[in-house]
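Please read the structure below before turning to the comments.
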Amino acid sequence: MQYNPEQLESRWRKEWEDKKVYKVDNESAKPKYYVLDMFPYPSGAGLHVGHPLGYMASDIFARYKRLKGFNVLHPMGYDSFGLPAEQYAIQTGVHPETSTENNIKTYRSQLDKIGFSYDWSREVKTSDPSYYKWTQWIFLKLFQHYYDLDADKALPIDTLIQTFETAGNADVNAACTQESIFSAQEWKTMTAGQKDEILMNYRLAYRKTGYVNWCEALGTVLANDEIKDGVSERGGHPVVKKAMLQWSLRITAYAERLLHDLDKLEWSDALKAMQRNWIGRSEGAQMFFELDGTSEKIEIFTTRPDTIFGATFMVLAPEHALVPAITTPEYKAQVENYITYVKSRSDVDRMAEAKEVTGTFTGAYAINPFTQEKIPVWIAEYVLKDYGTGAIMAVPSDDERDQAFAKKFGLPIIDVVDKSDYPGSTLHDKTGKIINSGFLNGMEVPDAIEHMLQKIESMQLGKRKVNYKLRDANFSRQRYWGEPFPILYDKDGVAIPVDESALPVVLPDLKDYTPSPDGRSPLARLTDWVNTSDGYTRETDTMPGYAGSSWYFLRYMDPDNSAEFASKKALNYWRDVDLYVGGTEHAVGHLMYSRFWHKFLYDLGYVPTTEPFRKLINQGMIQGMIAYAFVLKEKKDGSTVFVSKDCIDKYQPSDYIKTAVHIDFVSENGSGTAHLNAKGIQALCQWRQEYENAYFELKSGIYPASYFYENTENIKLYVASEAGKMSKRYHNVVNPDDMVKKYGADCFRMYEMFLGPIEQSKPWDTNGIEGVQKFLRKFWSLYYNENGLHITNDTPVKEELKVLHQTIKKVTDDIERFSFNTAVSAFMVCVNELKRLNCNKREILQPLVRLLAPFAPFITEQIWFDLGEQGSVHHSEFPVFDPACLESDAIEYPVSINGKKRDVISIPSTASQEEIQDIVLQSPMVQKWLEGQQPKKMHHRTRKND
RNA sequence: GCCGAAGUGGUGGAAUUGGUAGACACGCUGGACUCAAAAUCCAGUGCUAGCGAUAGUGUGCGGGUUCGAGUCCCGCCUUCGGUACCA
């Protein structure tokens, strides 16, 4: 009986769905285990073979845990709000909901074919009102809470208001942006608008002025990746920074806990390091410099207070609030010019010219509090508005950027740290001896820092402060396809939360998806929706992509609950994600925001755990091979001319361009000899009408397309082949459906696992998939002969048991350490061995089916059924390793002399240390290499695997 | 620049704690079966020398520690990913 994957896979796919084999309950006597995949955005291109890599790994693990007796939650859903659908809507007029639904259907059918064990009854979509109701609900909670640093948790804003009413804000210790102090009396006399403004400085979801990339020509706000070389990617129009009132989330309030709790997590050190760097904690001093001739002070943050004697000038961010006030009349024009210049510069620009220093003098002078010298105040774009206080004391002797600035503008440099005792140390190292610094002279840098911190505090010039690189993220998007904010504004512009009972605020329908001319979202045009009957106006911004994905893993626990985002019971049962599998691209975005939201919900008592994702595995990316053909810019008789790579040296690089051609046309792809043969050239000519009459320059001459239909021998148009993104634009997307169709899902799954370690990136290459296909046929042939099932109930011999249990041990260990490629090869070894032994005994082959089931769910289910077993193999038990089966009579001892293997000797396992040494010393080979001498030392090592 | 990951046959990769380097698979070579092909099976396959037993050599490069190093230490080189003037 032949192995026919197509037939048996469709049979079991249907059977599993009908019998709801993968449905999981929130109640069970079994221990829970939660395996989560990263939320996919259902793009129009569908899944390519790279996407399911992580899904396959997590599916194997979920199935393994299920067989190990766990109640496994393994859900899937869609992050279905997003920009591409909106862009598509603008171009085609198709409602984002319609295109998204279609894309989801494609995704679902692609996922189903691969045989994942998802409980689809728990599917969630972020764009579903019953889902985003709770995204809005969490937003309201953020809006209605502030972070109390004494309690070290989020507390209701109402208790803060009570404090304001009785005692003002002087004693409030909160994560906030409120700077001035007010009394209870002052609070009471404030207008509603003033109170709202102050509360915004405390709320965890708050509004502040933020800068967006504004493109006047397109009349829209652009995301960073929609900008190329400082102009819009579409159309190449200029982009400027524009100030707009934006919603933000105060993630900085949680910086310390986000940093600290990383220690609890089983994440890779690499990923933890990325998060630590992103949070960027630094300790230093916050201090004030007086301005000469005014009452204003400049607040700065420094990690190097010990270098203050070397501070010869100050630099403010161009956007700093003090700039207009301190600029003297004679420098006004110059400063304004500079600010205009900075506004025109995109983040991309700044990156490209990182080395060049720019800035201008404001005419103002500050007083160095220790030297009492007047030092000039400059503005420069290298000082960032949002980091620290947006102002620095510049110490050109001890900071590279300050030094470059001082050199360019001729500012004085005073050496304050003598590093001669620390050869090789850089300016970044806090080492050296302080010089030219009055009372600090002679101190080592760390001591001097501590000394200065005390001095600064005692002189009341400032205080110790911990600063974070982490910034509050912009939470507003001027877009249509996202969650509407549950916020209304009254006539004074005071933000009023929508009542919980009125949630969700449903995203209204729209015909025209282009943005409103003033840069607001398309929703602003729906005046009927914006202006409510009771005189309020609605917020027209929508939430960003990460809103819905910051808490989705909680919704899976109880997806149909309409009274809560998830019931207490469900949350207390499932608690947190035990295993999360996904790519590193989410290292600092999604993974940081989810942790932040989760901690917030924990503070409010809604979730029982402080961290959402206990263990995290990063899967590598599967890249595509991109094949570039060389095309001359100048056409020949109006037709395209392709040049073989081995002829391209004749031309100047400016004469030709590289064009990605469809990967299916290319032979020997991925090697240095990648080329199109005659068939490939034929296919290329038929691919695009413009290539129909193309010319091809090969080593032997230039030929028209027609030539390759008659002459097919030895034709090679060489192309450049390189690894890169798998993407529509490179014509190198491989659809998993095609793989499943050709080889079957089991083969496809096992091949992706066999490719290499899960966390490693590699280009997609089907060379070698036949090896896995052969393995599955061989595996099948252990159970069936030409007439059907062919299994005996004979008692297995020792050797057969040894093969089985060796495999059980190896596969179990490999699954536990996520080494799926070696597990697959262990199966291959096992099947090769059993085949050699002609084993067809039930006692060996039945456990083997259970062992392979997580990897190849279809073939094993079929065999399980044919073996006459009850129920699904996926509800059976994972085989247990029996060490007794591995005991053998003799052990092969490799013998090394001076670290080189010289002999292999088989010695009975009963032999003692001394006996082993005797046997070894008597071996002729050992005798030969000892050359008559006695060994100085002998080491006997037991084998680790037995 | 900084942070992170990785360099092993013709190719993907294995070697889990310092102990037989190259498992498993692809490819390639030869053979069996076949009229032929496909499929399947058998043998070989790091490099060099040798008919062979065998010997030498070999994990990016240069040193070191050790009885023994792909693995540990020091100094480099290369590739990939992230980041961007972070005071």
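Note that the structure is predicted; figures quoted are calculated from it, not measured.
Rounded to a whole Å, the OH atom of A:Tyr382 is 16 Å from the C1' atom of B:A84. Residue A:Met274 contributes atom CE, which lies 8 Å from atom C1' of B:A5 at whole-angstrom precision. As rounded to whole Å, 13 Å separates atom C1' of B:C24 from atom OH of A:Tyr751. Going from atom OH of A:Tyr387 over to atom P of B:A84 covers 14 Å, rounded to whole Å. For the pair A:Phe820 CZ and B:A23 C1', the interatomic distance rounds to 19 Å; values are reported in whole Å. Between A:Asn767 atom CG and B:G13 atom C1' the separation is 14 Å, expressed in whole Å. In this structure, A:His320 places its NE2 atom 17 Å from P of B:A87, rounding to the nearest Å. Rounded to whole angstrom, the span from the CD1 atom of A:Ile449 across to the P atom of B:A87 amounts to 12 Å.
Separating the C1' atom of B:G7 from that of B:A43 is a span of 34 Å, rounded to the nearest Å. Annotation: B:U16 and B:A21 have their C1' atoms spaced 16 Å apart (nearest Å). For the P atoms, the distance from B:C77 to B:A23 is 34 Å, rounded to whole Å. To the nearest whole angstrom, the two P atoms, one in B:U20 and one in B:U71, are 14 Å apart. Rounded to a whole angstrom, the distance from the P atom of B:U78 to that of B:G30 is 42 Å. With both ends at atom P, the span from B:U54 to B:A69 equals 23 Å, rounded to whole Å. B:G18 and B:G44 are spaced 34 Å apart, taking the P atom of each and rounding to whole Å. Rounded to whole Å, the C1' atom of B:A15 lies 25 Å from the corresponding atom of B:G63.
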Using Watson-Crick and G-U wobble pairs with both distances under 3.5 Å, what is the 5'-to-3' dot-bracket string of RNA chain B, with [ ] for crossing pairs and | for pairs outside the strand?
(((((((..(((......[....)))((((((.......))))))((((....))))..(((((..]....))))))))))))....
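Ring-plane geometry between A:Phe881 and A:His805 is classed as tilted, the angle between the planes lying from 30 to 60 degrees on a 0 to 90 degree scale. A perpendicular orientation is assigned to the rings of A:Phe818 and A:Phe820, their planes being inclined by more than 60° (bins at 30° and 60°). Ring-plane geometry between A:Phe370 and A:Phe309 is classed as tilted, the angle between the planes lying from 30 to 60 degrees on a 0 to 90 degree scale.
Under a 4.0 Å N-O distance rule, the pair A:Asp814/A:Lys810 qualifies as a salt bridge. With respect to the salt-bridge test (charged N to carboxylate O, under 4.0 angstrom), the residues A:Arg777 and A:Glu770 do not qualify. Salt-bridge annotation for A:Lys297 and A:Glu299: absent, with no side-chain N of the basic residue lying under 4.0 Å from a carboxylate O of the acidic one.
Residue A:Gln760 places at least one side-chain N or O closer than 4.0 Å to OP1 or OP2 of B:G13. Between A:Arg401 and B:C86 there is a side-chain N or O to OP1 or OP2 distance below 4.0 Å. For B:U83, neither phosphate oxygen OP1 nor OP2 lies less than 4.0 angstrom from any side-chain nitrogen or oxygen of A:Lys469. Phosphate contact (OP1/OP2 of B:C2, side-chain N/O of A:Asn277, threshold under 4.0 Å): absent.
Counting distance only, with no hydrogens placed and no angle test, the side-chain atoms of A:Arg471 and the base atoms of B:C86 include a donor-acceptor pair under 3.5 Å. A donor-acceptor contact under 3.5 Å links the side chain of A:Lys810 to the base of B:U16.
Among the protein residues, A:Phe754 comes within range of the nucleic acid bases, having at least one heavy atom under 4.0 Å from a base atom. A:Asn832 comes within 4.0 angstrom of the backbone, heavy atoms only, and of no base. No contact: A:Arg276 has no heavy atom under 4.0 Å from any strand.
Each of A:Lys762 and A:Leu271 was assigned the nucleotide of RNA chain B with the nearest heavy atom; the assignment lying further toward the 5' end belongs to A:Leu271. Remark on RNA chain B: of its neighbouring residues A:Val829 and A:Gly388, the 5'-side contact belongs to A:Val829, judged by nearest-heavy-atom nucleotide.
Taking every side-chain heavy atom of A:Lys774 into account, B:U40 is the closest of B:C3, B:U40, B:A15. Counting only heavy atoms from C-beta on, A:Pro757 has its side chain closest to B:G13 among B:G12, B:G13, B:C24. Closest to the side chain of A:Asn821, out of B:G13, B:C86, B:A39, is B:G13. In the set B:U83, B:C24, B:C26, B:U83 carries the atom at the smallest distance from any side-chain atom of A:Trp278. Between B:C3, B:A87, B:C24, one nucleotide has an atom nearer to the side chain of A:Ser825 than all others, and that is B:C24. Taking the side chain of A:Met828 as heavy atoms from C-beta on, and the options B:A25, B:C3, B:C26, the nearest nucleotide is B:A25.
The shortest distance between side-chain heavy atoms of A:Val315 and A:Ile379 does not fall below 4.5 Å.
Base orientation at B:G75 is anti, since its O4'-C1' glycosidic dihedral falls outside 90° of 0.
Aromatic ring centres of A:Tyr751 and A:Phe754: separated by at least 6.0 Å. Between A:Phe405 and A:Phe313, the ring center distance clears the sub-6.0 Å criterion.
Around the NZ atom of A:Lys835, the shell of radius 6.0 Å holds more than 12 heavy atoms that belong to other residues, nucleotides or ligands.
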